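Everything below concerns the one structure shown next.
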Amino acid sequence: MLAVLLTAYLLGSIPTAYLVARGVAGLDIRTVGDGNPGARNVWLHLGWRWGVLVAILDMLKGYAAVRWAQAMGFAEPYAFLAGAAAVLGHDTSPFLRFRGGQGMATTLGVMLALLPGETLFAIVVFLLAYRLTHRWDESLLAGMIWLPLLPLVQGRELRYVLYPVLLLPTVGIKKAIDTLRRSGGVRRILHLHR
């Protein structure tokens, strides 16, 4: 099982946004916009087509990690762990000195493998909300809230309700850390504790 989790982590850690931006424009995506090596930053600086490509590739990482664990014959809890390992790999890529994206697309890929109908519904809600408001974070929240809510309403097993609840906060935590890093807040906090 350790080999499956390590494979899932390494799969998740492939820095797709960085590779696409380098390959297409010779650009280090970490040096523009919010510095996040993820699909949204690629979308903003290289155009929506490249952003969508990166999002799909990041989703495939999470999807493949779960399917890999399932194909190896492991019980469902291990598929859940493999999905979490892929998201962790995306967020802490060793190829980018343990920095990475915020994990949203990879999380969606994981959830697509586990709860395909619910995840597709959440994606549609997000896209519609973004189309109407052009507000990324609010639209993301409007869509992603359905990942635990739909299984709850459908009476699915508790693990299907709790898993997205436990996985999704990593996106917000990663965003907060990135914001602190950009503002120099981490250095100031460390300096205050010396």
Side-chain angles (χ1 to χ4, degrees), residues 4-21 29-30 32-45 50-69 78-116 118-120 122-123 125-127 129-130 136-148 160-182 186:
V4 171
L5 292 179
L6 182 59
T7 300
Y9 175 82
L10 291 174
L11 181 63
S13 71
I14 297 169
T16 50
Y18 176 83
L19 293 172
V20 167
I29 197 65
R30 299 169 298 174
V32 296
D34 62 3
N36 178 53
R40 181 179 181 221
N41 209 20
V42 171
W43 178 309
L44 293 173
H45 294 280
W50 296 113
V52 168
L53 174 64
V54 169
I56 291 170
L57 292 173
D58 285 345
M59 287 175 69
L60 283 173
K61 295 189 303 187
Y63 185 87
V66 173
R67 288 294 189 218
W68 169 250
Y78 294 105
F80 281 35
L81 286 173
V87 174
L88 181 65
H90 180 83
D91 292 352
T92 62
S93 174
F95 304 112
L96 297 179
R97 298 182 182 177
F98 295 96
R99 290 187 61 192
Q102 292 170 359
M104 191 67 250
T106 307
T107 296
L108 284 173
V110 168
M111 297 309 300
L112 198 58
L114 296 169
L115 296 169
E118 293 85 343
T119 305
L120 287 173
I123 291 170
V125 171
F126 159 69
L127 292 173
Y130 186 71
W136 184 269
D137 291 334
E138 291 83 348
S139 300
L140 201 55
L141 180 61
M144 299 312 103
I145 196 73
W146 291 102
L147 288 177
Y160 287 106
V161 178
L162 293 179
Y163 186 66
V165 169
L166 295 173
L167 208 55
L168 286 171
T170 63
V171 177
I173 292 166
K174 186 69 171 55
K175 194 166 196 146
I177 291 169
D178 288 345
T179 301
L180 274 174
R181 182 182 287 135
R182 280 194 314 275
V186 172

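Index from 1, following the sequence. Bear in mind that the values here come from a model prediction, so they are computed numbers and not experimental data.
Looking only at distances, a side-chain donor or acceptor of Lys61 sits under 3.5 Å from a matching main-chain atom of Ile14. Checked by atom type and distance alone, the side chain of Ser13 never pairs as donor or acceptor with a backbone atom of Ser93 at under 3.5 Å. Judged purely by atom type and a 3.5 angstrom limit, Asn41 uses its side chain to pair as donor or acceptor with the backbone of Val32.
The closest side-chain heavy-atom distance from Thr16 to Leu53 is not below 4.5 Å. Within the 4.5 Å cutoff, no side-chain heavy atoms of Leu140 are placed close to those of Gln102.
Under the side chain to side chain contact (heavy atoms under 4.5 Å, CB included) test applied with Tyr163, the options Leu166, Val165, Leu167, Val161 reduce to a single match, Leu167.
When every heavy atom of Trp50 is checked against every heavy atom of Val20, the shortest pair comes out as CE3-CG1, 3.9 Å. Of all the heavy atoms in Ala122 and Gly143, the pair that sits closest is CB-O, 3.2 Å. Here the closest heavy-atom approach between residue Trp43 and residue Val52 is recorded as CZ3-CG2, 3.8 Å. For the pair Thr119 and Leu112, the tightest heavy-atom approach, listed with the atom from each and the gap, is OG1-N, 3.5 Å. Closest approach of Gly38 and Val54 over heavy atoms only: C-CG1, 4.3 Å. Closest of all the heavy-atom pairs between Ala85 and Ala8 is CB-CB, 4.0 Å.
For Trp146, the ring-ring contact (aromatic ring centres under 6.0 Å, His included) partners two or more places apart in sequence, or in a different chain, are Phe121. In terms of the ring-ring contact (aromatic ring centres under 6.0 Å, His included) criterion, Phe95 has no residue partners (sequence neighbours excluded).
Here CG of Asp137 is found 9.0 Å from CG of Leu141. Values are rounded to the nearest 0.5 Å. To the nearest 0.5 angstrom, Asp34 atom CG is 7.0 Å from His45 atom NE2.
Here the two rings, on Trp68 and Tyr78, have centers that are 6.0 Å apart or farther.
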